Structures are given as structure tokens and as C-alpha cells.
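Sequence lines set the chain letters: A, B, ... in the order given, protein chains first and strands last, and positions in each chain run from 1. Only heavy atoms go into these numbers, but all of them, side chains included; no hydrogens, no water, no symmetry mates. Note that the structure is a prediction, hence the values are computed from the model and not measured.
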2 protein chains.
Amino acid sequence: MAQRIQNLRRAPTSDSMARALDLSGRRWALRIVWELRVGPLNFRALRSACGDISPSVLQSRLHELRNDQIIEKIPGLGYRLSTGGEKLFQVLAQLDKWSGTLSDGSRRSK
Amino acid sequence: MAQRIQNLRRAPTSDSMARALDLSGRRWALRIVWELRVGPLNFRALRSACGDISPSVLQSRLHELRNDQIIEKIPGLGYRLSTGGEKLFQVLAQLDKWSGTLSDGSRRSK
DNA sequence: AATCATTGCTACCGATAGCGTAACAATCAG
DNA sequence: CTGATTGTTACGCTATCGGTAGCAATGATT
């Protein structure tokens, strides 16, 4: 593993990766993708799945995610992952596994 | 009542995953981890690697990431990924691959 | 020692993003 | 019709972010 890091030593962060990281850095963006993993959810169901996130923020994220073609809106059904979104979900599945190792004594710092 | 269709079966998002997603949702958090993949960087180098992020935000993220034991501070060397941080890096490597497929026509929406 | 450069970091403040609540029109059930 | 449920927007408030400047501490150079 130290070797793997070694090999990447000179690769600068790609534009696409910077975009992906920027996307991830918006509140609720990944959570929304994660909640859609089980199938389509409509606006209100999605909202409650995310712990009653503010509807204005949800609306923003939905637009952005649609813009990036990660989710799509199906009239009468709600929102669901696109093909690309399902690929992103695979990554999040890894994150889910990793999250189990997150130290527990970590509450918001200041 | 239409809700009977929605909330049938769903593995609820675990607390640890919610924490991980929350962490990812803070600006620059994952980018910082990503930039540290090449090895330790000191405060100013890290800042410039992230595209001259505001030092106050960087400082906050560094505290939080240290709190979650994702990075550690090495006196005289700067900041580097901890063991857990390197595991997170593996996940980000997946994200990096995925990012290549991110649709290009997506500029910030509002 | 005096000077200069570099370091990590903080202070300040304007700008933006996010939150919470309340509503709205449209649709559909009864 | 009435009443419930939908997606969505409006509003005002707070928290977070961003940009610039500046500090004290350390180390090198003269």
C-alpha cells in the first residue's frame, strides 16, 4: 500500500476528480444518492429518508444531480439513479464498508 | 396510503454511514484527503494543493479530520493520512475512476 | 545580533449556502 | 364537493465559506 502511494506521487488531481470532489462536498448530495439505492423515491419520501432535510436544499441537489446525470426524474414515480448514478453507488458501498471503522469518539469539533 | 408502496423494505442508512456522508458533505474534506495521498504536506503546501483554499476553512477541516483520526499531524513534517485515512483513500481512488464518466456538460445550476 | 524568509495559524468581514417553517397550486381519493 | 397528498417555492434567519491581512515562531543569511 505504501507502494501504491509511492506510484501516485506525481499525479496531479484531475479536473474530473476535482469536479467529483466538489460535488461530494455539497451537503446531502451523496446521501441522496445513497438513499436512492433501494429504488425510486418521490420528493417527500426522499426528504424524509434524509432525515427531513430542508426542501429547498433538496431541490437544489436534485437539480444538480440531474444536471450531472446521476439521477433522473420519472414522472409519477419520483427520482431514481441513472446508470452513472448506480456506478457512483458502487463507490458509496465501499464508503459504507469503510464507515464502520470510523472512530466513534468524534463529534463535531470547533 | 400510496405510501405503502414506498416504505416497504429498505435497509436504513446506518449511523456510521450517515456520519461518513456528513463528513464528505463538508467542503474540501475529501479533497484534503485526496491531496495527501502523495505523502505528507505541510499547511501551506496543502492549501496550495487545494487551489488556495481559505486558511480558516482548511484549519477547520484539519481539526475535524484529525478528530476522526483520518489524518495526523507530524511535527516538522505537516499532515499525513493515518491508517484509516489510507483506507478512505482507497475509496477515493474508486471515485477517481468513476469521475472520468461524469458528464461534461454540467455546470453549476441554480 | 539584525534582517529576512517561511512557517502555522488567527482575525475580521462580506458573501453564500443551508435550515426551518409555511405556504402554494395541482392532483387524486372519497 | 371536501380533504389528503403531491412537488415545489418563498421567506427570513443562521452557519459556513471565502478572501485578505496579519500575527508570532522558527530558521536561515548576513
Side-chain angles (χ1 to χ4, degrees), chain A residues 13 18-36 39-68 70-81 106-110, chain B residues 1-8 18-19 21-36 39-68 70-81 106-110:
Chain A
T13 297
R19 289 245 322 282
L21 290 171
D22 176 59
L23 179 95
S24 315
R26 301 185 206 161
R27 228 146 243 163
W28 305 110
L30 296 186
R31 173 70 178 261
I32 290 169
V33 173
W34 184 244
E35 295 300 341
L36 289 179
L41 291 177
N42 65 29
F43 191 92
R44 271 162 131 105
L46 187 50
R47 176 162 131 79
S48 99
C50 290
D52 285 322
I53 171 184
S54 174
S56 34
V57 187
L58 177 56
Q59 186 72 333
S60 299
R61 289 302 96 85
L62 288 176
H63 275 127
E64 294 162 4
L65 290 171
R66 283 219 281 166
N67 218 315
D68 287 342
I70 290 167
I71 65 175
E72 38 196 29
K73 183 179 188 178
I74 315 290
L77 237 185
Y79 298 87
R80 78 166 175 207
L81 296 183
S106 54
R107 283 274 61 93
R108 205 64 34 87
S109 60
K110 223 340 173 32
Chain B
M1 171 189 277
Q3 202 153 29
R4 87 190 111 113
I5 304 209
Q6 304 282 1
N7 287 348
L8 278 185
R19 288 244 322 283
L21 290 170
D22 176 58
L23 178 93
S24 315
R26 301 183 206 160
R27 232 149 239 159
W28 303 110
L30 295 186
R31 173 70 180 261
I32 289 169
V33 173
W34 184 245
E35 295 300 341
L36 288 178
L41 290 177
N42 64 28
F43 191 92
R44 274 165 128 105
L46 188 49
R47 176 162 130 79
S48 99
C50 290
D52 284 322
I53 171 184
S54 172
S56 34
V57 187
L58 177 56
Q59 184 71 340
S60 298
R61 289 303 97 85
L62 288 175
H63 275 127
E64 294 161 5
L65 290 170
R66 284 218 281 168
N67 218 315
D68 287 341
I70 290 167
I71 65 174
E72 38 196 29
K73 183 179 186 176
I74 314 290
L77 237 183
Y79 299 87
R80 75 164 176 208
L81 295 182
S106 54
R107 284 274 59 95
R108 206 65 33 86
S109 61
K110 211 13 201 336

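OP1 or OP2 of dT8(D) lies within a sub-4.0 Å distance of a side-chain N or O belonging to Lys73(A). Of the side-chain N and O atoms in Tyr79(A), one or more sit less than 4.0 angstrom from OP1 or OP2 of dT8(D). Residue Gln59(B) places at least one side-chain N or O closer than 4.0 Å to OP1 or OP2 of dT10(C). Distances shown here put every side-chain N or O of Arg26(A) at or beyond 4.0 Å from the OP1 or OP2 atom of dG18(C). At dA17(C), none of the side-chain N or O atoms of Trp28(A) fall inside 4.0 Å of OP1 or OP2 (strictly under the cut-off).
Summarising the geometry, atom CD1 belonging to Ile71(B) is positioned 9.5 Å from atom NE2 belonging to His63(B); distances are rounded to the nearest 0.5 Å.
The base of dG19(D) lies close enough to the side chain of Ser56(B) for a donor and an acceptor atom to sit less than 3.5 Å apart. The base of dG18(C) does not come close enough to the side chain of Arg27(A) for any donor and acceptor atom to sit less than 3.5 Å apart. The base of dG18(C) does not come close enough to the side chain of Ser54(A) for any donor and acceptor atom to sit less than 3.5 Å apart.
The CZ atom of Arg61(A) sits 15 Å away from the P atom of dT9(D) (whole-angstrom rounding). As a whole-Å value, the separation of Glu64(B) CD from dC17(D) C1' is 12 Å. We find that CG of Leu58(B) is positioned 16 Å from C1' of dA11(C), with the value rounded to whole Å. In this entry the distance linking CG of Asp22(B) with P of dA15(D) reads 16 Å, nearest Å. Regarding Leu41(A), its CG atom lies at a distance of 12 Å from the P atom of dT6(D), rounded to whole Å. Regarding Arg66(B), its CZ atom lies at a distance of 13 Å from the P atom of dG8(C), rounded to whole Å. Rounded to a whole Å, the NE2 atom of His63(B) is 16 Å from the P atom of dT16(D). Regarding Asp52(A), its CG atom lies at a distance of 15 Å from the C1' atom of dA22(C), rounded to whole Å.
Between Phe43(A) and Arg47(B), the residue whose closest nucleotide on DNA chain D is further toward the 5' end is Phe43(A). Nearest-nucleotide positions on DNA chain D place Leu62(A) closer to the 5' end than the other of Val57(B) and Leu62(A).
Of the listed nucleotides (dT8(D), dG8(C), dT10(C)), dT10(C) has the atom at the smallest distance from the side chain of Pro55(B). Each of dA21(D), dT7(C), dT8(D) was ranked by its minimum atom distance to the side chain of Asn42(B); first place goes to dT7(C).
Here the side chains of Ile53(B) and Arg61(B) are not in contact, with every heavy-atom distance at 4.5 Å or above. Put simply, the side chain of Lys73(A) does not reach to within 4.5 Å of the side chain of Arg80(A), judged on heavy atoms.
Of all heavy-atom pairs spanning Ala20(A) and Ser24(A), the tightest one is O-OG, 2.6 Å.
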Practice task
Just do the side chain to side chain contact (heavy atoms under 4.5 Å, CB included) check on Leu58(A) and Phe43(A) with the steps written out, would you?
Solution key: CA-CA 8 Å; Leu58(A) 177 56; Phe43(A) 191 92; 3.7 Å; yes

